Asker: 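The structure under discussion is supplied below as structure tokens; questions concerning it will follow.
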Amino acid sequence: MKSIEEKIQDLKRERGAIIIAHNYQPDEVQAIADFTGDSLELSRKAAELDEEVVVFCGVHFMAETAAILSPEKTILLPDPFAGCPMADMITAEQLRAKKAEHPGAVAITYVNSSAETKAECDLCCTSSNAIAIVESVPADQEIIFVPDTHLGHYVQEKLGREMIIWDGYCPTHSRIRDVDILREKSAHPNAVVMAHPECPLNIRELADELLSTGQMCAFAKESDATEFIVATEIGLLYRLRNENPGKKFYAVSDRAVCPNMKKIDVEKVLWALEDMQHRVVVPEEIANKARRSITAMLELS
Ligand code: 13P
Ligand code: SF4
């Protein structure tokens, strides 16, 4: 009898499909993926797909971004309930009200947002290019930054540039405590602390490096250091360990688990290919507007 993984490979060929996965996906899903990456890498991949069918192993806004960039392709999200609570912390209506309070402000949204929110924005960004995207806005223009307060404040501190920042946050990164980092630092005094900019200020202050998940992978590979404390969702450890067998990686907290990322498993990937479900489609009018902010980001980074 064929294993689930073998059935997936057969069906993938039959359907002309590709499986792409975010760095926070469960190990077993990353193991069967054709491409794994951070939000920016996944957006780039989604913009240049050869395959007709994409099984997107991640959360809803990521599949939506792929559907916006490649509307002619079939984008499947194996679990339709895999959402991102941070993305749901702002609605397009709330953003419109904020824009009305600040006419002329440039609206920038973190990619962790709905298609409707992106459609209301001038620019999109990810954690790996947020600084460059904000820097691209002329200094005399006001900026509204949504929805992540921590990423927004990180960019604001880095550039010394005031922004109007929404108060959304990632519940998973908010579970990381300073005592977790201090404990790991005293256990591994030579380790470099890599933290994600979605972490709150008290965690960012304890980090040696603030990096997106893709940047963490590149940094760990290039660094002379051999030990790393990783302050982000624990799924990233799979890739870090696979790509750097001679180096040691310590998860800062086993509470840093994104339950939505973990809704995807290999069975659901198989069912997605068997039944061609759950298709993510963005209404054309919204997609056309949202595409402008994402394409502007891809051109700038
Ligand atoms: P990156 O992979 O872009 O670092 O984003 C992290 C994240 O929280 C995605 O939801
Ligand atoms: Fe959203 Fe945080 Fe999960 Fe990323 S890790 S999908 S920001 S809840």
Side-chain angles (χ1 to χ4, degrees), residues 20-26 29-30 33 35-46 56-66 77-90 108-114 117-118 124-133 145-152 154-155 166-176 194-200 203-204 207 209-220 230-240 243 251-264 280 294 297-298 301:
I20 64 180
H22 186 263
N23 290 326
Y24 294 161
Q25 282 294 289
V29 175
Q30 292 194 47
F35 182 85
T36 310
D38 71 5
S39 305
L40 182 61
E41 291 160 344
L42 297 183
S43 304
R44 284 214 186 98
K45 184 78 189 162
F56 206 108
C57 302
V59 291
H60 190 262
F61 77 80
M62 295 178 171
E64 225 178 30
T65 304
L77 181 62
D79 187 320
F81 299 107
C84 169
M86 187 210 288
D88 296 337
M89 287 179 193
I90 187 162
I108 304 181
T109 184
Y110 189 24
V111 71
N112 297 39
S113 53
S114 68
T117 297
K118 289 187 180 79
C124 184
C125 74
T126 75
S127 52
S128 53
N129 61 19
I131 292 175
I133 299 295
F145 189 96
V146 302
D148 187 5
T149 189
H150 300 308
L151 180 65
Y154 163 65
V155 173
W166 200 252
D167 58 2
Y169 63 93
C170 164
T172 297
H173 286 87
S174 299
R175 270 184 224 121
I176 299 173
M194 302 192 292
H196 197 279
E198 283 179 20
C199 291
I203 303 303
R204 298 200 306 276
E209 301 290 337
L210 287 161
L211 303 164
S212 75
T213 60
Q215 289 169 335
M216 285 187 199
C217 292
F219 179 82
V230 185
T232 192
E233 212 274 350
I234 59 164
L236 184 66
L237 275 286
Y238 174 81
R239 195 172 150 194
L240 287 171
E243 292 179 358
V252 79
S253 166
D254 56 12
R255 291 148 39 100
V257 177
C258 174
N260 282 285
M261 285 283 179
K262 285 359 185 203
K263 282 185 177 144
I264 313 289
V280 176
I294 307 169
M297 166 187 82
L298 292 173
S301 52

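First listed ligand is number 1; within each ligand, the first listed atom is number 1. What's counted below: heavy atoms across the whole structure, side chains too, no hydrogens, waters or symmetry copies. In this text, all values refer to a predicted model and were calculated from it rather than measured experimentally.
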Asker: Search all heavy atoms of S253 against all heavy atoms of I234 and return the closest pair with its distance.
Answerer: O-CG2, 3.5 Å

Asker: Can you see whether S39 engages Y110 through a side-chain donor-acceptor pair at a distance of less than 3.5 angstrom?
Answerer: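 Short answer, no.
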
Asker: Identify the residue among E198, R175, H150 that makes a side chain to side chain contact (heavy atoms under 4.5 Å, CB included) with C170.
Answerer: E198

Asker: Identify the protein heavy atom lying closest to atom 8 (O) of ligand 1, giving its residue, its atom name and the separation to 0.1 Å.
Answerer: E198 OE2, 2.9 Å

Asker: At the 4.0 Å heavy-atom cut-off, does H22 count as touching ligand 1?
Answerer: yes

Asker: Is S212 in polar range of ligand 1, meaning some N or O pair under 3.5 Å apart?
Answerer: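 Not met; the criterion fails.
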
Asker: In sequence, state the C-alpha distance, the side-chain angles, and the governing distance for S128 and D38, and then conclude on side chain to side chain contact (heavy atoms under 4.5 Å, CB included).
Answerer: CA-CA 9 Å; S128 53; D38 71 5; 3.9 Å; yes

Asker: State whether the shortest distance between N or O atoms of D38 and N or O atoms of ligand 1 falls below 3.5 angstrom.
Answerer: no

Asker: Counting only heavy atoms not in Y169, do more than 12 sit closer than 6.0 Å to its OH atom?
Answerer: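 Not more than 12 within 6.0 Å, no.
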
Asker: Mark yes or no for whether R204, through its side chain, and A195, through its backbone, hold a donor-acceptor pair below 3.5 Å.
Answerer: no

Asker: Using side chain to side chain contact (heavy atoms under 4.5 Å, CB included) as the criterion, point out the one residue from K262, H22, H196 that pairs with E233.
Answerer: K262

Asker: How far is atom 10 (O) of ligand 1 from the closest protein heavy atom, and which atom is that?
Answerer: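 Here the closest protein heavy atom is N112 ND2, 3.2 Å.
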
Asker: Report yes or no: does K263 contribute a side-chain atom to a donor-acceptor pair with the main-chain N or O of F81 at less than 3.5 Å?
Answerer: yes

Asker: For ligand 1, which is the ligand I care about here, please tell me if H196 has any N or O atom under 3.5 Å from one of the ligand's N or O atoms.
Answerer: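 Checking ligand 1 against H196, an N or O pair does fall under 3.5 Å apart.
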
Asker: Please check if the side chain of W166 supplies one atom and the backbone of G152 the other of a donor-acceptor pair under 3.5 Å.
Answerer: no

Asker: N129 side chain to T126 main-chain N or O, any donor-acceptor pair under 3.5 Å?
Answerer: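 Yes, N129 side chain to T126 backbone: donor-acceptor pair under 3.5 Å.
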
Asker: Got an N/O contact under 3.5 Å between S127 and ligand 1?
Answerer: yes

Asker: Got the closest protein heavy atom to atom 3 (O) of ligand 1, with its distance?
Answerer: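 Residue, atom and distance for the closest contact: S39 OG, 3.0 Å.
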
Asker: For M194, does its backbone N or O pair with a side-chain atom of E209 as donor and acceptor, under 3.5 Å?
Answerer: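 Not a single qualifying donor-acceptor pair exists.
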
Asker: Distance to 0.1 Å, residue and atom name: give those for the protein heavy atom nearest to atom 9 (C) of ligand 1.
Answerer: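 Sorting protein heavy atoms by distance from atom 9 (C) of ligand 1 puts M62 CE, 3.6 Å first.
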
Asker: With the threshold set at under 4.0 angstrom, would you say T126 reaches ligand 1 through any of its heavy atoms?
Answerer: no

Asker: Within a radius below 2.8 Å of atom 2 (Fe) of ligand 2, how many protein N, O or S atoms are present?
Answerer: 1

Asker: Give the atom numbers and elements of ligand 1 that come within less than 4.0 Å of a heavy atom of T213.
Answerer: 1 (P), 2 (O), 4 (O)

